[in-house]
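Letters go in sequence order (proteins before strands), and every chain restarts at 1. In this text the structure is predicted, and so the values were computed from the model without any measurement.
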Amino acid sequence: MQQEFDFSEKKPEVPKEEIPKEEIKEEEEFTMDGNYLEGLNGVQRLAVETVKGPVMIIAGPGSGKTRVLTYRIAHLIRLGMNPYNILALTFTNKAAKEMKDRIRKIVGTLSANSIWMGTFHSIFARILRIEANELGYPSNFTIYDTDDAKTLIKNIVSEQNLNPDLYKANLVYNRISNAKSNLLTPQAYLKHQGIRNADAAAKRPQIGKLYHLYSERCQRAGAMDFDDLLFKMHELLNLAPEILQKYQNKFQYLMIDEFQDTNHAQYSIARKLVANHRNVCVVGDDAQSIYAFRGATIDNILNFEKDYPELTTLKLEQNYRSTKRIVDLANGIIQKNSHQIAKEIWTQNSEGGKIQLVHAVSDSEEAKIIADNIVVERLRYHYNNDEFAILYRTNAQSRVFEEALRRKGIPYRVYGGLSFYQRKEIKDLMAYLRLTVNHKDEEAMRRVINYPVRGIGKTSLKKIAAWANEEERTMWDIMCRIPQYKLATRTQNAIVKFVKMIKLFAQMLKQKDAYDLAKYIAKTCGLQNHLHNDKSVEGLTRYENLQELFNSIKEFTDNKRELAPNNVEVDMEVDASLGVYLQEVSLLTDADDNKDDSGKVKLMTVHAAKGLEFPCVYIVGLEEELFPSAMASKRSNDIEEERRLFYVAVTRAEKKLMLSHANCRYRFGKLQYCEPSRFIEEISKEELEEIGNKPRASFRPQRDSHDAFKDSISSNISSAKRQQEKQQQLRNRSNIPNIANFKASDNRKLKEGFRILHQRFGAGTVLKLEGIGDKRMAIIKFDTLGEKKMVLRFAKLMFKEDGT
DNA sequence: CCCAGCCTGGTTTTT
DNA sequence: CCAGGCTGGG
């Protein structure tokens, strides 16, 4: 089936002749006749070739969705569409990157790089940066992360003398986020009767006002939060017909991946952009919608047909990823849900091994069984470490598995969790960088104005904030004219000096690239020295992290340099300045950095695993209140989302799938009894291979006490327990002091203890500890397992006198 | 004004 | 268990 293809207004800005020779060579693997179409099945091919008008592709898991999307884009380019006119939106940077890499292989680097492909947030940020002035924003606006936003809300709540228990930052932030996702302005929010009633009923009538103030403050600070990137984009398109037209003409073709995860704002923007040519292709799977909590709505899929009556709907139902047993299990799971588009996933793959279900006594036993199993599978079927993935519901669950894997000497990588960019020392330097680029950035300023200490304390800051609010100016403005205000001379001088310093940094923005400037700033502001002088173990790690940040900035500038000569558009794609760096980095997550993860077992949440596949998958912690989460048990809608989440997890697996749950686990620092998840009950047991102790009611510890737990399992003592005892014995024998609470004054004992630890572990350095107190940690590094470094963390250390 | 250390309250998933 | 708030001594 060959389509005619004719877009008016198309300017071939990248003529074929300009493509460098080696790229053409690369292309020849896939000739113009469309060799690249040959590996596709009928529906896939139709999906690739139906290029005009609205198309919706319902793509089951493992149905070759990414392949279809990439080939489709390649196909468009082949048909003469300028890559520069294609907009492809994804939800994660990873997905965008993967697609770009694959397209690059088909159409060459130059074309691939010209496609506007990225996350909603990053693409819109890029556009907003260009158009910021239209919205009364500076083009170097800051992007507030969730922490910044919540701190700002906290400040506003306290300024308004509202009860912080009632107006919790989290809650207020969610309300605001919700409003923005639904394109409600503060004014509309305040007017909306239903919302007003709801807020009043919840005894929180002031939320509308807080939303209003929050928006004002963001605007004043030249800052947008994540939701603003969508919200303001929509506002921009509404602002003037010319602007809308400009982007409608620019983006002749729009593709949206993971369409089931779009929220109202995203959908509205998309609809506006394609209103004229209606060339929009969305790919999604209602059964994999797992982001309702952040405003995603399945309605977008259901309504799509109404908005586009001429819609072509295609269903990709053949699964190429998983064994029959896994596909059957997945189908069985999802059919329990009531709302969904009818479809049946099927596969021609072989039956595969039975799905295993592990009943573990405790969370540590669960982890041990899985670590053991990885070793066995590896030997038996010659799997590589990186072919295993452990999927869990919450990030906190990773700890036990890390320990178990470490004990077995299995290298691993944890994805997600606390991102590198959320570490204190990183945020501190970033705040300096942000402040340099955008002086108005209030959250950045509050963070660093007195760090390292320069004698500008809380009281002074409060005064400045008060003056700023009074005059409706930024705090920076006030500080620039600080001699006009009444303050102690010493503080005044300190502020003048601080302002001078930041201004000095700003002057260098144009001359230096991001890397040079960042290094200069770190040195001059005193942060680098401050960390360098901190000789405690953690101080050292912090210093190292800072160096790591420099490395990443260096990588960024080098990358941009490489791109620069080839790129058609001169904007942030090739701009190596600090401002662009900040913009890109604030939208990055931990999963995005391309740290080397070959040869490592992968640990991540189910959410993070979406869009990925692994030969062997372990889904762990299948317990009521955990997976499904306790929050979800209340509403049936949420349970369905949890079930979809389970569905997503199951369908990540190619060959081997193991499910597990524990009878007891530590949660919130307490030992708890756990019911097996209802999802386990829902599975037909015939195809299962059940491993381990069946759950027994007698395991239930009374009053959640540790002793009751010990008694209840003493008859059937778990291997985890024995392991623990063995460890303990090992410790005693080698005289390793036990670790518990300690005070900073115990420094000498501490040092002695670490000397012993050093001897015991031998392989590495035990670093000096000074001034360790509450919630500080000690970190021991040593080389093992061919990994560069291992880090052990001991919270709250103390050596008891008697060595027990 | 600064900091260490105590105390309390809260814990899903992410751009 | 852990982050953040609060307090009281320097």
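Cation-pi check for A:Arg643 over A:Tyr647 is not met; the charged atom does not lie both under 6.0 angstrom from the ring centroid and within 45 degrees of its normal. Stacking of A:Lys424 on the aromatic ring of A:Tyr451 is recorded, both the 6.0 Å distance cut-off and the 45° axial limit being met.
Side-chain proximity of A:Phe226 to B:dT14, B:dT12, B:dT15: nearest is B:dT15. Listed candidates were B:dT14, C:dG4, B:dT15. Nearest to the side chain of A:Lys154 is C:dG4. Between C:dG4, B:dT14, B:dC2, one nucleotide has an atom nearer to the side chain of A:Asn450 than all others, and that is B:dC2. Set against B:dT15, C:dG5, B:dT14, the side chain of A:Phe293 has B:dT14 as its closest nucleotide. Closest to the A:Lys168 side chain, of the nucleotides B:dG10, B:dT12, B:dT15, is B:dG10.
Using a 4.0 Å heavy-atom criterion, one finds that A:Phe91 contacts the sugar-phosphate atoms exclusively. Within the 4.0 angstrom heavy-atom criterion, only backbone atoms of the sugar-phosphate kind lie near A:Val453; the bases stay farther away. Among the atoms of the strands shown, none is found under 4.0 Å from any heavy atom of A:Leu645. In this structure, A:Thr491 reaches neither bases nor backbone, as no heavy-atom distance under 4.0 Å exists between it and the strands shown.
In this structure, the OH atom of A:Tyr291 is 9 Å from the C1' atom of B:dT15, given to the nearest Å. In this structure, the CG atom of A:Leu171 is 13 Å from the P atom of B:dT12, given to the nearest Å. Atom CZ in A:Phe646 sits about 19 Å away from atom P in B:dT13, given to the nearest Å. Atom NZ of A:Lys458 and atom P of C:dG4 are 14 Å apart (whole Å). The separation between A:Lys427 atom NZ and C:dG4 atom P is 9 Å, rounded to whole Å. One atom, CG of A:Asp363, and another, P of C:dC1, lie 13 Å apart when rounded to the nearest Å. Between the P atom of B:dT15 and the NZ atom of A:Lys180 lies a distance of 18 Å, rounded to the nearest Å. A:Phe627 has its CZ atom 21 Å from the P atom of B:dT11, to the nearest Å.
Judged by distance alone, the side chain of A:Arg652 and the main-chain N or O of A:Leu612 form a donor-acceptor pair under 3.5 Å.
Taking only side-chain nitrogens and oxygens, A:Asn170 never comes nearer than 4.0 Å to OP1 or OP2 of B:dG10. Regarding contacts with the backbone of B:dT11, every side-chain N or O of A:Asn395 stays at 4.0 angstrom or more from both OP1 and OP2. Here A:Arg644 does not reach the OP1 or OP2 of B:dT13: none of its side-chain N or O atoms lies under 4.0 Å away. Proximity of A:Thr605 to the phosphate of B:dT14: a side-chain N or O atom is located under 4.0 Å from OP1 or OP2.
The base of B:dT15 lies outside donor-acceptor range of the side chain of A:Arg294, with no N or O pair under 3.5 Å.
Ring geometry, A:Tyr392 versus A:Phe401: the interplanar angle falls under 30°, so the pair is classed parallel (tilted spans 30 to 60°).
Partners of A:Lys180 according to the salt bridge (Lys or Arg N to Asp or Glu O under 4.0 Å) rule, which considers only residues two or more places apart in sequence or in another chain, are A:Asp225, A:Asp228. Taking the salt bridge (Lys or Arg N to Asp or Glu O under 4.0 Å) definition, one finds that A:Lys150 meets it with nothing, sequence neighbours left out.
Separation of the P atoms belonging to B:dT13 and C:dG4 is 15 Å when rounded to the nearest angstrom.
With the nearest nucleotide of DNA chain B identified for both A:His607 and A:Gly455, A:Gly455 has the one nearer the 5' end.
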